[in-house]
Amino acid sequence: MNRAKPIPEQTQRMKLITNVAAMQAEARDARCSGRHLALVPTMGSLHEGHLQLVRRARQEADHVTVSIFVNPTQFAPGEDYERYPRDLDGDMDRLSEVGGADVVYAPPPLAMYEDGSAGLTWVTVDRLTEHLCGPHRDGHFTGVTTIVSKLFNACRPDVAVFGLKDAQQFFVLRRMARDLDFGIRLVGVETVRESDGLAMSSRNRYLSGESREQAVALSRAVFAARDAILAGQHSADDVRALMRVPFGDAPLAEIEYAELVDADYLQPVTELRAGQTVVAAVAVHLGGARLIDNTITEVPSWVQ
Ligand code: PAF
C-alpha cells in the first residue's frame with residue numbers, strides 16, 4: 001500500500017529552481033513571453049502574513065516567484081541563524097493553499113555565496129539604518145540589502161512585495177532600489193495579526209505560555225502610539241512614553257527600543273507636524289525571541 005502523502009496539484013505545477021543561472025533563464029523566458037514578473041522574497045517558514053504577500057503579488061503580476069533563502073549575512077553574531085526554522089516541503093504545501101507560485105526559488109547557501117556564508121561585495125544604505133534596528137543588529141541591513149540585490153538580479157522582477165511588519169527593512173530597500181536604479185517597484189503590505197493583535201512572524205514559534213501571552217504588549221504599544229497621534233498628541237516624547245505603558249503588564253519583555261521616527265529618513269522626531277508620516281516602532285526580547293512591531297501614521301491636518 002502506498003502511504004506517501006499525495007502532492008497537491010498546485011504544488012506539482014510550481015517550478016522549484018535552486019541556482020542563479022536557471023532562475024535568470026526562467027525570468028528571461030517569462031519576460032520574452034510578455035509576462036509581468038513579481039517577486040516575494042522570504043526566508044521560508046511561511047505563515048499567513050507571507051501568503052498575503054503572495055496574494056498581493058498575484059494581483060500585481062502574472063508570473064510570481066517566491067524566494068526562500070535563510071540568509072546568513074543578515075544575522076548578527078549570536079542571533080538565531082542556526083535554529084531559524086527551515087521546512088521547504090511545508091512551505092510548498094502552504095503556497096499551494098493560495099494557488100501556488102509560478103516559481104519557488106530556493107538556492108542553497110553555496111549557490112548564493114562562494115563559501116556558503118558571504119561574498120566580497122556589499123550594498124549599504126546610509127542614514128535610514130542609523131536608528132531602530134540598525135544599531136542593535138550589527139551588519140543586519142547590509143546583509144539584507146546585499147541579498148535582496150542578488151535576488152533582484154537573479155529573479156529580474158518588475159515588482160517586489162514585502163511585509164510592512166519590517167517597516168525599516170521596507171523603507172531601506174525602497175531607497176536602495178531607487179538609488180541603484182533597479183527599475184523595480186516595491187509594494188509594502190499591511191501586517192497580518194493574530195486575533196489578539198500579535199504581528200505574525202516566523203519567530204513567534206519561539207514563544208510559549210507566559211511569553212506568548214505577554215507578546216500582545218507590542219501591538220498594544222504601537223496601537224497606543226497611533227491612537228495618540230490621531231487624537232492630536234504633538235509631543236513625540238509623550239508618544240514614546242505611552243508606548244512603554246503596555247509593557248508594565250509584560251515583565252518578561254526586555255525593551256530594546258520604543259521609538260518614533262519620520263517615514264522619510266527614519267530619524268527620531270521631536271514635535272509632530274500636520275501631514276507628516278511617522279513610524280512608531282518597538283523591538284523587544286521576550287521568551288528567547290526578538291520581536292518587532294510598528295504602525296505608520298499620518299499626523300492629522302488639524303494638529304498645530
Ligand atoms: O524579510 C525577510 O524575510 C528577509 O529579510 C528578506 C527580505 C527575505 C531578505 O533575506
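In listed order, ligands and their atoms are each counted from 1. Side chains are part of it too, since the values below use all heavy atoms of this structure and drop only hydrogens, waters and symmetry mates.
Protein heavy atom closest to atom 5 (O) of ligand 1, with residue, atom name and distance, is Gln169 OE1, 2.7 Å.
For Asn71 and Tyr113, the side-chain atoms include at least one donor-acceptor pair closer than 3.5 Å. Using modelled atom types, one finds a donor on one side chain and an acceptor on the other under 3.5 Å when comparing His63 with Glu26.
Residues satisfying the salt bridge (Lys or Arg N to Asp or Glu O under 4.0 Å) criterion with Arg220, sequence neighbours excluded, are absent altogether.
Atoms of ligand 1 found under 4.0 Å from any heavy atom of Thr42, numbered from 1 in the order shown, are 8 (C). If you number the atoms of ligand 1 from 1 as listed, the ones under 4.0 Å from a heavy atom of Ile147 come out as 9 (C), 10 (O). Atoms of ligand 1 found under 4.0 Å from any heavy atom of Pro41 (numbered from 1 in listed order, with element): 8 (C).
Contacts between Leu151 and ligand 1, counted as non-hydrogen atom pairs separated by less than 4.0 Å, are absent for every part of the residue.
Here the shortest heavy-atom distance to atom 3 (O) of ligand 1, taken over His140, Met43, Gln74, belongs to Met43.
Using a 4.0 Å cut-off between a side-chain N of Lys or Arg and a carboxylate O of Asp or Glu, Glu97 and Arg94 qualify as a salt bridge.
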Listing, residues 239-249 side-chain donor-acceptor contacts under 3.5 Å, not counting sequence neighbours, or none:
| unit_1 | atom_1 | unit_2 | atom_2 | d |
| --- | --- | --- | --- | --- |
| Arg240 | NE | Glu259 | OE1 | 2.5 |
| Arg240 | NH1 | Asp237 | OD1 | 2.7 |
| Arg240 | NH1 | Val269 | O | 3.3 |
| Arg240 | NH2 | Glu259 | OE1 | 3.0 |
| Arg240 | NH2 | Leu260 | O | 3.1 |
| Arg240 | NH2 | Val269 | O | 2.7 |

